[in-house]
Amino acid sequence: MNLDSTALFYQRMQQSWLKAIGIIRLVAGGGGTPLFAGVVLIGLYFGYKRFLEWMPSSFPAGLLTGLVLSLLLTSSRIRTWIKPADPVFLLPAETKMNGYFRASLCYSSLVHIIHLALALLLLSPLLAAGAPEDRSPLWLLFSLLSLAQILNVLIEWQSMRLLCKWSRRKIRGIAFLRFLLNFLWTEASMDRQWVGLLVLFCIMAGVWLGQVAVTPAFPLPWDELKKQEQCLLARYYHWAGWFVDLPAVQQPIRRRHIWVRIADRFTNYRKNPLLYLYWRHFFRKSELYAVFFRLLLWAIIMMALFPNPWVIFGIYLAASLMLFSQLPALIDANSYPAALKLYPLPKAAFKNSLARIGTVLSGMQALILTMVIAGFHWLSFAGTLLFLAYGLILSMIMAGLKKRSVPPQK
C-alpha cells in the first residue's frame, strides 16, 4: 500500500484550517459579535489595568505567573486529525504512519509555542509590575519555556502510546509529575537558575527516554487518538456555537449531570414523557442551550451600555422574542428517533410541552437579569420589582402565543 503519510497530514491540516476560517468568518459576520468582542476586550483591558494599579508590592506575581504557565505547558494536547474511519482504513498502513505523526508533533509543538508567546505577552505587564529587576528578559524566558514545551509534547505523545500498556491512573501520575517539573522549570527560568534548569532538563529528558524504552512500536492508540480528536472538535464547535448556529455540525451528546438531575426531579416521564424528553435534549444536545446563554450575555451587555429604564425593558422584550423564535427547533421531529411518532399522545401535547419549557426558560432569564440589575443598581428597588413582574408575565404571554403559532407535529 503506497501511502505518503506526511502529505496526508498536511492535506487534512489544510482542509481543517479552511473550514475553521469559514466558521470564523461566520462568527465575525454575526450582527452582535463585533460589538460583543469589543465590549469584552475593552472591559478586560480596563479591568487588567485597574488590577495592576491596585496590586501591592507584596503580591506574588511570580508565583501566579508560574502556575499559569505551568498549566499551559502541561496541557500539551496533540492535534492529529484522526477520523473515525481511520482505524479501519489506515490500520494496514500502520507501519508507514511515522511521517504522519512526526508532522503532527511538529505542528502541535508550534501551535503550543504560539499559545505560550501570547500568554507571555498578556502576563508581561504583571511580571514587569511585580518582578524584581534581575529577572530574565522576556525573550530569554520565552526561549527556555519553548524548550520545555517541546519536551512536554514528546512526553505527552509517549504517554498516549502507553495507554495500551499502562493504566490511566499511571498516565495521570506522569501528567502531575510534569506539572510539578514545569512549575520548577518556569520559576528557574524567571530567576536564571542555570544549574536547576540543567537538572530539570535531565529529569524531563530521562522521563521521555524511559517512556520510549518501554513503549511498544505497535499498535498505535487509534481509539484514544480518535476520541481525543472528536472531543477537540466538539469543543471548538461548542465555542463557535455561542456566537453562530452551526446546523450542519453534529452536536455531541454532553453529560451535564447536574442539569439533567434537576430536570429529572421536576419532570415525571410517566405522566409527561415529552416534557421529560425535551428537557434532556435541551441540556445534552440541543443548540438552544448555547442560544439561551448567548442571549443572556447579550442582554446584560446591552443593559450595561444603555442603563435607561425604558431601554432595559425593551432589551428584555427583544431577548424574549429571539429566544421564543428559536424554541420550535427543540421539538423538530428530525432531532429524535422515528419511534417518537408512534407515541400514543395527542398532537397538542407537543405544543404544551414546548410552551412549558419556554415559560421556564424565559422566567429564568427574567430572574437572572433581575439579579444583575439589582446588583449593579441600574433601576430603583421598585423598578427592579416591576421588571421582575414584567418579565414573568411576559414569559407566560409569549409562551401562550408561541403555543398557538407552532404547527402541530405529525
Side-chain angles (χ1 to χ4, degrees), residues 60-80 82 101-123 126-127 135-136 138 140-217 220-221 223-229 231-232 235:
L63 178 64
L64 179 61
T65 305
L67 289 173
V68 173
L69 294 176
S70 301
L71 289 172
L72 194 62
L73 289 171
T74 307
S75 179
S76 300
R77 296 293 180 90
I78 298 171
R79 192 70 194 271
T80 59
I82 291 295
F101 293 110
R102 192 179 301 115
S104 173
L105 292 178
C106 293
Y107 171 84
S108 301
S109 299
L110 178 61
V111 170
H112 286 301
I113 289 173
I114 293 173
H115 293 168
L116 194 62
L118 294 175
L120 278 175
L121 287 176
L122 292 174
L123 293 171
L126 181 63
L127 282 174
R135 285 280 175 94
S136 300
L138 197 61
L140 179 59
L141 181 60
F142 173 69
S143 302
L144 293 172
L145 292 178
S146 298
L147 177 60
Q149 183 66 78
I150 295 172
L151 287 172
N152 274 272
V153 170
L154 294 175
I155 296 174
E156 176 70 17
W157 170 243
Q158 295 301 327
S159 297
M160 290 179 62
R161 296 193 61 184
L162 282 169
L163 279 171
C164 61
K165 188 176 181 181
W166 289 357
S167 64
R168 289 190 178 273
R169 180 176 297 180
K170 199 170 186 179
I171 299 299
R172 293 192 187 101
I174 294 176
F176 181 71
L177 174 63
R178 280 199 294 124
F179 172 75
L180 296 178
L181 294 174
N182 288 329
F183 178 74
L184 295 174
W185 182 287
T186 304
E187 294 296 321
S189 299
M190 288 190 290
D191 293 333
R192 284 183 279 191
Q193 300 289 336
W194 302 113
V195 176
L197 285 171
L198 180 60
V199 172
L200 290 170
F201 176 81
C202 293
I203 294 174
M204 295 181 72
V207 171
W208 174 60
L209 292 174
Q211 287 180 315
V212 172
V214 298
T215 303
L220 294 172
D223 290 338
E224 182 64 26
L225 293 172
K226 179 180 65 174
K227 179 181 177 181
Q228 180 170 301
E229 181 65 22
C231 290
L232 195 61
R235 183 184 304 172

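Along the sequence shown, the residues carry numbers beginning at 1. Nothing here was measured: the structure is a model prediction, and the numbers come from that model.
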Which atoms form the tightest heavy-atom contact between [X] and [Y], and what is the distance?
| X | Y | answer |
| --- | --- | --- |
| W166 | I174 | CZ3-CD1, 3.3 Å |
| L154 | L105 | CD2-CD1, 4.4 Å |
| R178 | L73 | NH1-O, 4.0 Å |
| I78 | Q228 | O-NE2, 3.0 Å |
| T74 | N152 | CA-OD1, 4.1 Å |
| R77 | H112 | O-NE2, 2.6 Å |

Side-chain heavy atoms of [X] within contact of [Y], under 4.5 Å:
| X | Y | result |
| --- | --- | --- |
| L138 | L120 | yes |
| L181 | F201 | no |
| R192 | L197 | no |
| C164 | P216 | yes |

Does atom CZ of R79 have more than 12 heavy-atom neighbours from other groups under 6.0 Å away?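 Yes - once you tally the heavy atoms of other residues, nucleotides and ligands closer than 6.0 Å, there are more than 12.
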Tell me, with the steps shown, if F179 and L67 meet side chain to side chain contact (heavy atoms under 4.5 Å, CB included). CA-CA 9 Å; F179 172 75; L67 289 173; 4.2 Å; yes
Is there a side chain to side chain contact (heavy atoms under 4.5 Å, CB included) between T186 and T65 once you walk through the steps? CA-CA 9 Å; T186 304; T65 305; 5.7 Å; no
Under the 3.5 angstrom rule, does the side chain of [X] hit a backbone N or O of [Y] as a donor-acceptor pair?
| X | Y | answer |
| --- | --- | --- |
| K165 | V214 | yes |
| S70 | F183 | yes |
| S75 | L71 | no |

Find the distance between [atom1] ([X]) and [atom2] ([Y]) and round it off to the nearest 0.5 Å.
| X | Y | atom1 | atom2 | result |
| --- | --- | --- | --- | --- |
| I82 | D223 | CD1 | CG | 11.0 Å |
| L200 | N182 | CG | CG | 9.5 Å |
| L163 | K170 | CG | NZ | 12.0 Å |

Between Q211 and S159, a side-chain donor and acceptor under 3.5 Å: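 Their side chains do contain a donor-acceptor pair, which is all the 3.5 Å distance test asks for.
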Between E224 and R161 (salt bridge meaning N to carboxylate O under 4.0 Å), is one present in this structure?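 Here E224 does not pair with R161 in a salt bridge, since their nearest N and O are not under 4.0 Å apart.
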Residues L64, L123; criterion side chain to side chain contact (heavy atoms under 4.5 Å, CB included); working and verdict: CA-CA 10 Å; L64 179 61; L123 293 171; over 6 Å; no
For the pair L145 and W185, evaluate side chain to side chain contact (heavy atoms under 4.5 Å, CB included) and give the outcome as yes or no after the intermediate values. CA-CA 8 Å; L145 292 178; W185 182 287; 4.0 Å; yes
Between S109 and Q149, does a side chain to side chain donor-acceptor pair (under 3.5 Å) hold up when you go through it step by step? CA-CA 7 Å; S109 299; Q149 183 66 78; over 6 Å; no
